[in-house]
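In what follows, a structure is listed as structure tokens, so that the remarks can point back to it.
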Amino acid sequence: MRNEDIVKPWILIVTHGEFGKELKKSAEMIMGQMQDTYCFSLLEEMDPLELKNQINDVLNNAPGESIIFTDIFGGTPSNIAATFSKKHYVISGVNLPMIVEAEISRTQMEIRDLIQKIIHSASEGIQNISEIMSERERI
């Protein structure tokens with residue numbers, strides 16, 4: 001399949017507090033402005049149904065198989081996002097490498113391959129730098 005045949009999935013980031021908005025700002029520091037990327041914050045005293053409705057309003061216009069990132073598996077944002085998992089991909093444990101990879105690669109490959117690449121980049125971004133530096137000093 002050619003890149004021009006691939007529908008660009010939208011990115012939604014759903015988190016406790018303002019974490020998702022700040023994560024997007026950090027990604028944009030690296031790559032510039034991100035298009036079709038939306039952040040949703042579950043705030044204190046907020047009714048979870050309000051968050052679900054906000055997400056639903058955006059997804060009504062999104063291409064099928066868009067990507068919803070959440071912060072903590074089993075948390076309220078993830079549980080709400082899970083209700084959209086029949087038509088969209090939901091991935092928990094969002095971190096900066098995942099968002100950067102999603103932005104760079106979302107028009108480059110089929111969605112299933114993209115999801116695997118995003119998850120791989122998330123785990124690759126977690127490194128014990130102290131151990132790596134210690135190993136380098138021994139060489």
Shortest non-hydrogen contact from [X] to [Y]?
X	Y	value
A27	I99	CB-CG2, 3.7 Å
I80	P48	CD1-O, 3.4 Å
S41	K21	OG-CE, 3.7 Å
M98	S92	CE-O, 4.1 Å

Are E28 and K25 close enough, and set up right, to give a salt bridge (charged side-chain N to carboxylate O under 4.0 Å, His left out), and what steps lead you there? CA-CA 5 Å; E28 288 179 332; K25 283 183 191 177; over 6 Å; no
Counting N and O atoms only, with roles assigned by atom type, does the side chain of [X] sit under 3.5 Å from a partner on the main chain of [Y], one being a donor and the other an acceptor?
X	Y	value
S66	I11	no
R106	P9	yes
S78	I72	yes
S123	H120	yes

Quick check: is [Y] connected to [X] through a chain of hydrophobic side chains (ILVMFWY, heavy atoms under 4.5 Å apart)?
X	Y	result
V14	L23	no
Y89	L59	no
M109	M34	yes
F73	F69	no
I104	W10	no

Could you walk me through whether L51 and T76 pass the side-chain contact (heavy atoms from CB on, under 4.5 Å) test, one step at a time? CA-CA 10 Å; L51 179 63; T76 301; 5.5 Å; no
Taking the side chain as every heavy atom from C-beta outward, state whether [X] and [Y] have any atom pair closer than 4.5 Å.
X	Y	value
Q54	M46	yes
N56	F84	yes
P63	K8	no

Distance (rounded to the nearest 0.5 Å) between [X] [atom1] and [Y] [atom2]:
X	Y	atom1	atom2	answer
F19	I13	CZ	CD1	8.5 Å
H88	T83	NE2	OG1	10.0 Å
I118	I111	CD1	CD1	6.5 Å
I115	I91	CD1	CD1	4.0 Å
E18	L42	CD	CG	10.5 Å
E103	T37	CD	OG1	5.5 Å

Does a sphere of radius 6.0 Å around NZ in K24 hold more than 12 heavy atoms from other residues, nucleotides or ligands, not counting ones at 6.0 Å or beyond? yes
If you count the non-hydrogen atoms of other residues, nucleotides and ligands that lie under 6.0 Å from CD1 in I132, is the total more than 12? yes
Steps toward side-chain contact (heavy atoms from CB on, under 4.5 Å) verdict (E65, L114): CA-CA 11 Å; E65 297 188 329; L114 175 59; over 6 Å; no
Please determine whether side-chain contact (heavy atoms from CB on, under 4.5 Å) holds for the pair L96 and I30, giving the CA-CA distance in whole Å, both sets of side-chain angles, and the decisive distance to 0.1 Å. CA-CA 10 Å; L96 188 55; I30 296 167; 4.0 Å; yes
L12 and side-chain contact (heavy atoms from CB on, under 4.5 Å): which partner among I68, V90, D36? I68
Let me know which of E137, R138, E131 forms a side-chain hydrogen bond (donor to acceptor under 3.5 Å, both in side chains) with S134.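 Answer after filtering E137, R138, E131: R138.
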Step by step, work out the side-chain contact (heavy atoms from CB on, under 4.5 Å) result for Q108 and K117. CA-CA 11 Å; Q108 305 301 314; K117 189 169 187 176; over 6 Å; no
